[in-house]
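Notes follow once the structure below has been shown.
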Amino acid sequence: MVQIGRKPGEQKHSKEPSSLQCMHLAVVACGDRLEETLIMLKSAVLFSNRRLCFHIFSEDSLKPEFEKKLQEWPSSYTKKFEYNIYPITFSVGNAQEWKKLFKPCAAQRLFLPVILKDVDSLLYVDTDVLFLRPIDDIWHILKEFNSTQLAAMAPEHEIPKIGWYSRFARHPYYGTTGVNSGVMLMNLTRIRNTQFKNSMIPGGLTWEEMLYPLYQKYKNYITWGDQDLLNIIFYFNPECLYVFPCQWNYRPDHCMYGSNCKGAEEEGVSILHGNRGVYHDDKQPTFKALYEVIRDFPFEDNLFQSLYYPLQSKFLDTVHTLCGRIPQVFLKQIEKTMKKVYENRVIVYLGANHRY
């Protein structure tokens, strides 16, 4: 584990392993996903309270770029996290086959329980995710798991009749609309210790034993790669999955045809998932505005002046879209989060200057 600010080879001293003290966040970055991943990590650091441990899986060519960029962040933020960069590896089956599943290297996420043997639980996110509130808040959901649940995801869609799985899937999937794997809480200890029901043998299989046979059986029927495999797994093991509401994995589908995520309408978006490449084209300018404002925010600046107000201004140019007509859905949670960050800084500042 690399702790920013320590000299190479310097040992970290702690009363207990840092892995027990922090919230673990995993991401897989290949190809042109360097910037996206860094902006996602930036959003995590900006708003979270507890210490973070980043597990970054990437191609070898990206490792020095990640290290260089993360070292450039100011110490007031780098002290909030540690990170480790891992090569892309697959413990079973054909590595080249896994690498080509859906999008570059995404299947790596399926192997996290096998690779991160010392990590009890983690949050996995796709590179195109942005946190609009502290990770601490979704981390608390792990405590809501019952005795059989070992992972949590949001539904793929809120309306079955226009959902992708309910219309087009040629394989089993979870529930009525399937689940989206772009934001996924995982209790790795439980995953490693569970025998999973499956369609291949009468008895159960461990997670690692199941992955490659499952892929071989369904590879000609899946479209969304590892997400489809996860849907198949939880179709046969529904008691293992906790389903959290759509505001924790808010995608263009939730507003581009009209608002259909009730949780976001009530509480605001908690985690934004800009799939369909919407951060990089002009099809959904509301999503792109959030990405660009967080990307361009100077770390040490005032959050309201340099992030919230520019965001409000950009949103004025998005009202011609259905997503742009509900700015409060995108702004509610991030405004609440910024107020808390500001209040905490004021308290810390006053505490440092007014000792009684």
Side-chain angles (χ1 to χ4, degrees), residues 2 24-45 52 54-73 81 83-112 114-116 122-131 153 156 164 180-184 186 211-212 215 219 222-231 249-253 271-285 287-292 294-296:
V2 178
H24 295 269
L25 178 66
V27 64
V28 180
C30 288
D32 60 357
R33 299 301 180 115
L34 174 72
E35 183 192 86
E36 256 188 16
T37 307
L38 287 166
I39 306 311
M40 179 276 291
L41 296 175
K42 183 179 182 179
S43 71
V45 172
L52 294 162
F54 296 149
H55 302 274
I56 304 167
F57 291 80
S58 78
E59 295 165 310
D60 293 341
S61 59
L62 293 180
K63 183 177 179 179
E65 289 294 312
F66 272 115
E67 291 173 339
K68 177 175 177 287
K69 294 292 185 183
L70 291 172
Q71 292 283 359
E72 291 173 357
W73 290 6
F81 68 90
Y83 74 95
N84 206 350
I85 301 176
Y86 307 81
I88 301 295
T89 53
F90 304 98
S91 60
V92 294
N94 184 307
Q96 290 307 312
E97 217 171 356
W98 284 120
K99 281 185 179 180
K100 293 173 183 175
L101 185 65
F102 179 43
K103 55 187 177 183
C105 307
Q108 180 71 74
R109 166 255 300 280
L110 297 173
F111 294 88
L112 296 180
V114 181
I115 297 168
L116 301 176
L122 62 73
L123 173 64
Y124 166 89
V125 294
D126 286 348
T127 60
D128 52 8
V129 156
L130 292 171
F131 295 96
M153 289 180 276
E156 170 62 25
W164 194 92
N180 183 283
S181 61
V183 179
M184 183 178 181
M186 305 170 78
L211 290 178
Y212 196 61
Y215 169 68
K219 66 181 180 181
I222 59 178
T223 303
W224 307 114
D226 55 324
Q227 176 172 294
D228 289 348
L229 294 179
L230 289 166
N231 266 281
N249 184 352
Y250 191 90
R251 284 156 278 129
D253 284 350
I271 297 178
L272 194 76
H273 184 184
N275 65 347
R276 302 173 179 262
V278 292
Y279 297 148
H280 312 294
D281 61 30
D282 296 317
K283 293 178 181 177
Q284 297 299 331
F287 284 75
K288 187 177 183 181
L290 270 155
Y291 178 80
E292 290 179 344
I294 293 175
R295 179 194 66 196
D296 297 340

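Bear in mind the structure is a predicted one, so any value in this text is a computation, not a measurement.
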Partners passing salt bridge (charged side-chain N to carboxylate O under 4.0 Å, His left out) against D128 (at least two apart in sequence or in another chain): none
Test item: I56 and L41 side chains (from C-beta on) under 4.5 Å apart, heavy atoms: yes
Heavy-atom check, side chain of Q108 versus side chain of F90, under 4.5 Å: yes
Side-chain heavy-atom pair L130, F287 within 4.5 angstrom cut-off: no
W164 side chain near W224 side chain, heavy-atom distance below 4.5 Å: yes
Over all atoms of both residues, closest heavy-atom pair of V129 and G182: CG2-O, 3.9 Å
Whether W73 and F81 hold their rings parallel, tilted or perpendicular, with breakpoints at 30° and 60°: perpendicular
E35 vs E65 side-chain heavy atoms within contact, under 4.5 Å: no
Non-hydrogen atoms of V28 and R109 that approach each other most closely: CG2-N, 4.2 Å
Side chains of L116 and Y86 in contact at under 4.5 Å (non-hydrogen atoms): yes
Value rounded to 0.5 Å, distance of NZ in K69 from OG1 in T37: 13.0 Å
Spacing of CD belonging to E156 relative to CG belonging to N231, to within rounding of 0.5 Å: 8.0 Å
Exercise: identify the closest heavy-atom pair between V45 and F54: CG2-CZ, 3.6 Å
Separation of L229 CG from I222 CD1 (nearest 0.5 Å): 4.5 Å
Interatomic distance, D126 atom CG to N249 atom CG [nearest 0.5 angstrom]: 8.0 Å
Donor-acceptor contact present, side-chain E59 to main-chain G31, <3.5 Å: yes
By salt bridge (charged side-chain N to carboxylate O under 4.0 Å, His left out) - contacts of K219 (at least two apart): E97
H273 side chain reached by N180 side chain, heavy atoms, under 4.5 Å: yes
Atom of W98, atom of V92 and distance for their closest heavy-atom approach: NE1-O, 2.7 Å
Any L52 side-chain heavy atom under 4.5 Å of Y83 side chain: no
Partner set under side-chain contact (heavy atoms from CB on, under 4.5 Å) for K63, not counting sequence neighbours: E67, I85
Parallel, tilted or perpendicular: ring planes of Y291 versus Y279, cut at 30 and 60 degrees: parallel
D60: salt bridge (charged side-chain N to carboxylate O under 4.0 Å, His left out) partners, not counting sequence neighbours: none
Lys/Arg N to Asp/Glu carboxylate O, E72 vs K68, below 4.0 Å: yes
Heavy-atom pair of closest approach, residues R276 and D281: O-OD2, 4.0 Å
Those residues that, when tested against E36, pass side-chain hydrogen bond (donor to acceptor under 3.5 Å, both in side chains) (two or more places apart): R33, T127, H280
Partners passing salt bridge (charged side-chain N to carboxylate O under 4.0 Å, His left out) against R295 (at least two apart in sequence or in another chain): none
Interatomic spacing from CE in M153 to CD in Q227 - rounded to 0.5 Å: 8.0 Å
Distance, nearest 0.5 Å, that separates CG of D226 from SG of C105: 11.0 Å
Closest non-hydrogen atom pair, S181 against L230: CB-CD1, 3.7 Å
